[in-house]
Structures are given as C-alpha cells and as structure tokens.
Protein chains: 2
Amino acid sequence: MSKRLWFVPLLIAMITNSSLPDASAQARSARERVDLVVLGGAIVTMNPMRQLIEDGGIAINGGRIVAVGSHADIDQKYKGKQTLHATGKTIIPGLINGHTHVPMVLFRGLADDLDLQDWLTKYIFPAEAKNVTEEFVRAGTRLGLAEMIRGGTTTYCDMYYFEDAIADETARAGVRAVLGETVIDFPVADNKTNAEAMAYVERFVKKWQGNELIIPAIAPHAPYTVSEEHLKAARAFSDRTKAPIVTHISETKREVHDSIMAKGTTPIDYLARIGFLNDRVIAAHVVWPTPEELGILKRLGVGVIHNPQSNMKLAAGVAPVPQMLRDGLLLGLGTDGAASNNDLSMWEEMDTAAKLHKVFSGDPKVISAQEALELATIRGAQALHLEKEIGSIEVGKRADLVLVDRSDLNQIPSYNIYSDLVYASKASGVQTVIINGRIIMQDRRLLTLDETAIRAGARVFRERILKSLSNPSSPE
Amino acid sequence: MSKRLWFVPLLIAMITNSSLPDASAQARSARERVDLVVLGGAIVTMNPMRQLIEDGGIAINGGRIVAVGSHADIDQKYKGKQTLHATGKTIIPGLINGHTHVPMVLFRGLADDLDLQDWLTKYIFPAEAKNVTEEFVRAGTRLGLAEMIRGGTTTYCDMYYFEDAIADETARAGVRAVLGETVIDFPVADNKTNAEAMAYVERFVKKWQGNELIIPAIAPHAPYTVSEEHLKAARAFSDRTKAPIVTHISETKREVHDSIMAKGTTPIDYLARIGFLNDRVIAAHVVWPTPEELGILKRLGVGVIHNPQSNMKLAAGVAPVPQMLRDGLLLGLGTDGAASNNDLSMWEEMDTAAKLHKVFSGDPKVISAQEALELATIRGAQALHLEKEIGSIEVGKRADLVLVDRSDLNQIPSYNIYSDLVYASKASGVQTVIINGRIIMQDRRLLTLDETAIRAGARVFRERILKSLSNPSSPE
C-alpha cells in the first residue's frame, strides 16, 4: 500500500516556466497584446493527454485560445487588454449540455411523477398548445440561459419552437448553441404544416449560418412523430445546407415496440435503412438500442446524447452507456428540458451519470469521474460534431472556459481533481464564465442578462400558464 | 383537462387569522412572550395532514414549537425576544441525515470508482488505521457539521470512532445527533478490544444521556464484522440503557451470500434469530432484504436508512424502497460518509432517491416528490425512533427548522412546493437554520462554527493523510 501511490491523479502535472508546445511557438521578448489573459488556477485541459496544469495561464485573442501554459510563462509572453486572476480556482472547458428544450423551464415542476406518455400527451402537449408563443419562448430562453450560465454551461443543443427567437436571445446573451427548429407531423405553436416548418427552417438556417455562436439545425422530433417522407426531406435539407439534424431516438421501450409493429424493425435500424442517419445527426436519449444498432451509430458517426436524470425521472430506462463508452461512440450528456429533470445543472448530470451506470451494471469501475467529465466536455463536443471548435482547453479552440471555485466546504479536502469536479462540485461553485473569449459571468454576476427582468418575465408566464389550464372555456 | 385542476398541490392551504387547534389554546389579548418568532414564509409542516400554510408564523419557546399558524395570528399572539422574517422563503422541518460517518469528510475523494470491498479494505481501512485520532475526528466532525448545516441538515445519525469527541463537537455546534460508538471485532483507532469498546460505550452513553441534542448510541458495525456474542452484548447494553443501536445490514450481495455460507441464513433473519433486532435498532443500507426479512423489520419496528447515492457509487445495489414504502417500514434517508458520496447534501439524496426508484422499477409513480421529502423529514424521524421530537413542524416538537430561499433561478417558476423542494432546490438555497430553537446559521453565515479554522484544520489533515499513505516506513 505504502509504495503504491494510488493518489497519483491528484499530483497535478507541474509545468513551470515552459508552456505547452503549441504555445511556445508564440514566445517572444516583447509581450504580445491579446484580448484576455487568465492567470493562475488549476487548468483541466481535457486535451488528448488530459493534461493538468497546476498554476496555469491562458491567452485568448479573437475569441480563440492562442496559448496555454504555466502562469509565469503566459504572464511573461502575453499582455491582455483584460486580465482575469484565477488563483484558487479550477479552470475547465465550458460544459456542454447536449440536449434540452430550453423554454420548457417555464413548465418546471408543473407535472411530475408521471409516465412519459401521460406526462407528454396529457400535460406537456396541452400546456404547450395553450401557451407557447414567441414571447413565451423568449422569456423561457432567457431564464434557461441564465440558469445554464450560472451552472457553467457554455454550449447547449436545443430542440423547440420559434427557434429563431431562441437564436436571437442566445446570441444576445453570448452563449454558444446548436439550435434545432422542430419538424413534427402535427400542428404546433409556430408551424401548422410540414411545408410551413420546412420554410421556417430554410429561413432560419440561412439567417444564422456563419454566426460565431449559433449553429442552426433542423430537428425532426422523432421517428414516431415524423413520417418517412418528412424524415427524408429533413435529411435532404441537411445534405444541402450542412445543417446538423437534432432528434430523439429510442427513448422508451414502447417506442421500440411500436416501431417494430408499425415498421417491422427497431427505430435506429429503421432510420438507417431510410438513409436518415449520418455524421451530422445528434440523437438524444438512445435508451434502448440493440447491439447491432450501437454498431450502426458508431459506423455512421451519429452523435448520441445521454440524459440520465430525465430518463430516471420519467422511468424511460437506463441507456447502455458503459457499452457506448467501450465502443467509442460519439457520446455526450444532456439535461433534457427542465420539465423532466427539473433543473439544467450539468454538475448533477455528471454525478448522476457516473453513479447510475455503476449501480445498474453492478460494477463501480465501469465509468470513472474523469469519463463523466469527458461526457460533459470533449466527448460532448464530439457528439455535437464540434470537437474541432470546443470541448477542451487547447490552442486554436474557441475560448469557452469556466472558473470553478474550490473553496466550498463540500469540496474540501481535494485529492483528485476529477472526483472533486464530478462528485463534490455544484453549479453554485461556478464563479466566472467565458464564452468565445467574452466574459459572460464574473464572480457570479451575469453580464449579459438582467436577472430581475427574467424573474418578472417568468412570473408573468407562470400566471398565464395556470390560468390557461384552469380556464374551462379554453380549448381542450 | 381544463376542469381537472391537476396543479392543485400548488394551491397552498390558506389559513388566515386562525391558528392550528393546538395553537389557538394559547390565544390571549396580551401577546405572550416567547424566545423566537418566525413570521412569513410558506410553511411545509409535514404534520399528519401534510398541511401547507402560505403566509405562516411559528412561535418557539424553550427549544420547542409552541404555536404554528398564520403570519397575522402568530404576530398577534406572540412577541419574540428574537424575530425572524421569512417572507419569500419556504420553511421546512430540518432535514434528517439518517446515516453518515461524519469525520470521513476528510477522506472525500481519496479513492473513488472502486468495488466496495476494495475501497474499504485496500483504501479506507488502511487510511483510517494510519490517520484516525481524536484530533482527526474533531477536525472532520467540524467540517462535516459545517457542510450539513449549510445544507439544512439539523439531525444526523453517525457511526464512527471517538464518538465522545464527535458528541462534544456536535453539541458545541448546536446540532442534533444520534451518535453511535463503533463496536467491531478488530482493533480500531480508539479501542483495541471488545472489552475496551464496551467500556467506552458505557462511559459515553452515561455521559451524554439526557442531553438535549445528543442521543448516544452503541454501533456494532455489521453482522459480518461483529460476533454473535458481541452482538448479543450490544443488544443487552441497549436493553439496560435504552440507548439506540446503529448498524449496517445487507449492504451487498456478497454480505448476504457470506451470511448464508457462514450462518446458514440471510443477515436480517440471522439477527432476528439471535434476538438482536428491536425498535431501538437503526439499520443502514438494507439493500438486499428478502420479502420475509422486510416483514421482520416491519414487525420488530426496526428503523431503516436508505443511502441511494452511496449504494449507487459503490454499486452495492438498489434497495427495495417502493416495497418498503408500501409496507410502511420506518424508513429514512442518509448520505453515508462523504468518502462514498462525495457530499453530505440531503437535497441531492432526496432527488436521487425519487429518480432511482422510478427508473429501477420502471414506474415513475412509485415514489413522489412528497414521499422523498417525507424520507428526509417525518419518516426519517420515525426511522431514528425520534418522531415524537422531530420531523415535522407541529406544536410540542423541537424547533428544528430550515428556511429555504426560493429565488434561485433553478427554482423559478414554482407550481408544486414538493417538486420545487425535491427536484429543483439545492443545498446552496438554504438560508437560515434553527435547531432546538437556536439560530445556527443566519443568511448563510454560520453562527456556531468558524469556517476559516475549519478549512485550515482540513488542510492540515489532508497533508498528513497524503504523507501517511506515501511514507514507505509507515505500517502496512
């Protein structure tokens, strides 16, 4: 025991007076002027070597990371127009919430402890039918964005209605997102027909493509709510525009059963056969894939988003995450909408993911704290097909960074930085958030959103929602 | 849908200008002088009717609740030496952490993602052998107490070594606890033999019995680490002194298997047969009881503590909690030690308990948010055999109260107070904590503990622990 040094992970690599290779190329006698320099703090890079830098520094320019190294080295080589001092903090890549329906925060806690089908068809769909407007979506998005920023989420992937308004609010708040406008075979709040939805998506994608923060996408809801013809049209649209496809697949046993009954095969196999799946698809849930279907997802490069808390709360089931990890699937983590969670904290999602798969498999080694953090950072980036841009602290990547306080009593003492982050840190420990090189939250103060106005907006919609649901003259 | 008023739980009972029956007896024209009055806030009483009072008031005297009613009524009838204004807050009974090993916070994150047996025998037991002293226990207890208070825990049940020092620290901090001194059949930090342990327990129980906050207990570790003779002696001690018995039962499949091999029967049946179980026993974990054993626990009035996060993290298994709820067992909730969790938040424990049993049973209705809160309050009190003293906000009970802020963005909007508390509230939302009528934390400032000193103490022991484990000359 004594010589085994089993606590080695905590001995964070000391890199003193020498920056990482990419950064050393930048070295020069006169300090290079950059937009922002972050000095001090323990950097959890999540780079391919999973390097940890104890007293680090990061130089940021034009929204991207231009150097990562030791505190001393970065300080010597770079002068920031702005400097953030991060001593005593942990610096991690911004967390990636791979699947949500952000405006649904306004339905948080409206209907809980119900079957997924009842929850969806008896409560959520009717509540949406009566309440979802562009104004609702804007108020909900602002509330959800504020909660996500406060919890260190810098990128999220969404599927909802009026996604153009969500894009507008998200870009104003300075948050990165893949935003999928819903395509579904029944009339919804923003579009009443498939033709209307496809026209909306056309305009939406055209408008936002090329934006530094917003990646517009098409979101055919699920194989059981969108016809084969419309799924194929969505794929053709994606082929033409290169827009990602956001969807739900194999969330419940019932969906799989119904697919076999109606289509003669399971959902993923069906989608592969009709030529829907490829490496622009981001599939949420994937709770009930067959082993063959895992092979299909891997072969076609489909991104998969695991939503443990939502799957637990709705009793949808437990996705085969350990197998997905072994198979090297492009796997990320998401909260799902707040109506089935009931929060947007990626910290609880990481913690739950690690614990759920340990107990469900009976093997506590099946997923480690480090792997759980990977799901919320670099692997999450892979699942959104954005791994060249985000998910790690590396030169050339977008500067999406989160400074986490490590002084909360629940984080003391610390022996292993991954354990500390996944099992003991909370959303409330997030101090400062940088997205695309811009400071969005500093010392827990939101810089791009007005919390007072957000609260007031949420109050207004809460009253309207309650009234709409108790009003006997409102449509069924 | 429209007429069904399915959001009724949120329409909190309005009790205006009339207090609850017990309180009305206190009414008089001149205001009665009491120690503390809490005015305003939504009271979640957890009384037998599960009454909710929207704009409530509570009068406290001599450490007990003397009246519960509306804000106006309490204000009219009582004058507090101290007054707490709670408008905008939710007031709940103090949370009850039914099972922990509080000083183990100092091992938080030291060894994770391991099998329970490896974790315990290769890491935790050796680390304890090299580090646990009275001083260690005091530093760990103070750290754990501070974390628990900040998370709204007002009563905890412990099992560790040097429990007299834990009692001393806990009483000083003003926290309520059932504290079980460990009895185990191998030499441990404080006692080397069973005779020493029994003598320690004798002194310990004698010293603390009658204390308003501390309930001293004997804690035979588990049926597989304590002989039949010593278990019987522990029971005899409890019969003589009326001290509770704290123990672990049926935590792993292996324990059950080994019990069948060694004793010819399963652990609970074995303990019942040797006459160990009764209504003073508090059994942690109980992951693998047979249906017959659930009957034994119910018949004998044994308290059971469910530890979902620890059971998940160590892959111990999933306790049959829905069946325990249906059977009406005395069931509470605990965090277990921070080394297998890795925090002491009862908020995450409630959230996880509800979600885990939904997904594991495949039925999202199997445990509701209200039931999860019950496990951490009134049912937890029953499991500790303390339901006459704590667990609800009722006249005559000890004044253990928690004021929870409801303004965090992750709690907005709120439609159902139980959903809000269990699925969306966090330890960080706890504002003010009252134990036995005394304000222990106010507006997140600890009044009985010194956070700076606690941090410094944790740092010292972290260094010692690391040194002890890397020192080749230290004993194996």
Side-chain angles (χ1 to χ4, degrees), chain A residues 1-3 5-7 106 108-115 122 126 143 146-147 150 309 311-315 317-318 341-345 348 352 355-356 358-359 362-365 368-369 409-410 412-416 419-420 423-424 426 428 455 458-459 462 466 469-472 474 476, chain B residues 1-3 5-7 106 108-115 122 126 143 146-147 150 309 311-315 317-318 341-345 348 352 355-356 358-359 362-365 368-369 409-410 412-416 419-420 423-424 426 428 455 458-459 462 466 469-472 474 476:
Chain A
M1 171 90 207
S2 46
K3 285 180 180 170
L5 290 178
W6 47 268
F7 52 89
L106 291 173
R108 185 198 323 266
L110 187 64
D112 291 315
D113 308 327
L114 295 163
D115 287 313
K122 294 189 185 165
L143 174 60
E147 183 184 348
R150 292 183 75 84
Q309 294 214 339
N311 295 162
M312 292 171 81
K313 184 154 175 282
L314 294 168
V318 179
N341 189 305
N342 291 352
D343 61 51
L344 302 176
S345 167
E348 293 190 13
T352 301
K355 287 172 178 160
L356 175 63
K358 290 170 189 294
V359 78
D363 179 1
K365 301 177 296 303
S368 66
L409 289 170
N410 48 279
I412 293 174
S414 174
Y415 298 95
N416 176 305
S419 276
D420 181 23
Y423 299 126
K426 316 290 169 199
S428 55
R455 283 162 205 280
R459 245 190 322 269
R462 176 182 181 278
L466 286 175
L469 292 168
S470 61
N471 182 357
S474 65
E476 278 289 310
Chain B
M1 171 87 208
S2 46
K3 285 179 183 171
L5 289 177
W6 48 267
F7 52 88
L106 291 173
R108 187 199 320 268
L110 186 64
D112 291 316
D113 309 326
L114 294 163
D115 287 312
K122 294 190 185 164
L143 175 59
E147 183 185 347
R150 292 182 76 84
Q309 294 214 337
N311 295 161
M312 291 170 80
K313 185 155 174 281
L314 294 168
V318 178
N341 190 307
N342 291 351
D343 61 51
L344 302 176
S345 167
E348 293 189 13
T352 301
K355 286 171 179 161
L356 175 62
K358 290 171 190 294
V359 78
D363 179 1
K365 300 176 298 303
S368 66
L409 290 170
N410 47 279
I412 293 175
S414 173
Y415 297 96
N416 176 307
S419 275
D420 179 24
Y423 299 127
K426 315 289 169 199
S428 56
R455 283 162 206 280
R459 244 189 324 269
R462 177 183 181 277
L466 286 175
L469 293 167
S470 61
N471 181 357
S474 66
E476 278 289 311

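Below, read A as the first sequence line, B as the second, and so on, with proteins coming before strands; counting in each chain starts at 1. Small disclaimer: the values here were computed from a predicted structure and weren't measured. Quick note: numbers below take in every heavy atom, side chains included, and nothing from hydrogens, waters or symmetry partners.
- Using a 4.5 Å cut-off between heavy atoms, B/R108 touches chain A through backbone and side chain atoms alike.
- Looking at A/E348, the atoms closer than 4.5 Å to chain B (heavy atoms on both sides) all sit in the side chain, from C-beta outward.
- Contacts of B/K313 with chain A are made by both backbone and side-chain atoms, with heavy-atom separations under 4.5 Å.
- Top candidate by heavy-atom pairs under 4.5 Å with chain A, chosen from B/R459, B/R150, B/K365, is B/K365.
- For a residue to count as touching a neighbouring chain, one of its non-hydrogen atoms must lie under 4.5 Å from one of that chain's; by this rule A/L344 does not touch chain B.
- Per-residue counts of heavy-atom pairs under 4.5 Å with chain A were compared for B/L114, B/T352, B/N342; the largest is that of B/N342.
- Taking the side chain as every heavy atom from C-beta outward, A/L356 and B/M312 approach each other to under 4.5 Å.
- With hydrogens and angles ignored, the 3.5 Å screen pairs a side-chain donor or acceptor of A/N410 with a backbone N or O of A/A424.
- Taken to the nearest 0.5 Å, the CD atom of B/E147 stands 6.0 Å off from the CG atom of B/D343.
- The contact between B/L314 and chain A is made entirely by backbone atoms, counting heavy-atom distances below 4.5 Å.
- Put simply, of B/D363, B/D420, B/N341, B/V318, the one with the most heavy-atom pairs under 4.5 Å next to chain A is B/N341.
- Using a 4.5 Å cut-off between heavy atoms, B/N311 contacts chain A through its backbone alone, with no side-chain atom that close.
- Looking at A/K426, only its side chain comes within 4.5 Å of chain B, counting heavy atoms on both sides.
- Per-residue heavy-atom pair counts under 4.5 Å with chain B were compared for A/P413, A/S419, A/G109, A/S428, and the maximum is reached by A/P413.
- If you tally non-hydrogen atom pairs under 4.5 Å between each of A/K358, A/Q309, A/K355 and chain B, the highest count goes to A/K355.
- Between chain B and the options A/A315, A/A146, A/P364, A/A458, heavy-atom pairs under 4.5 Å are most frequent for A/P364.
- There is no side-chain donor-acceptor pair under 3.5 Å between B/N416 and B/Y423.
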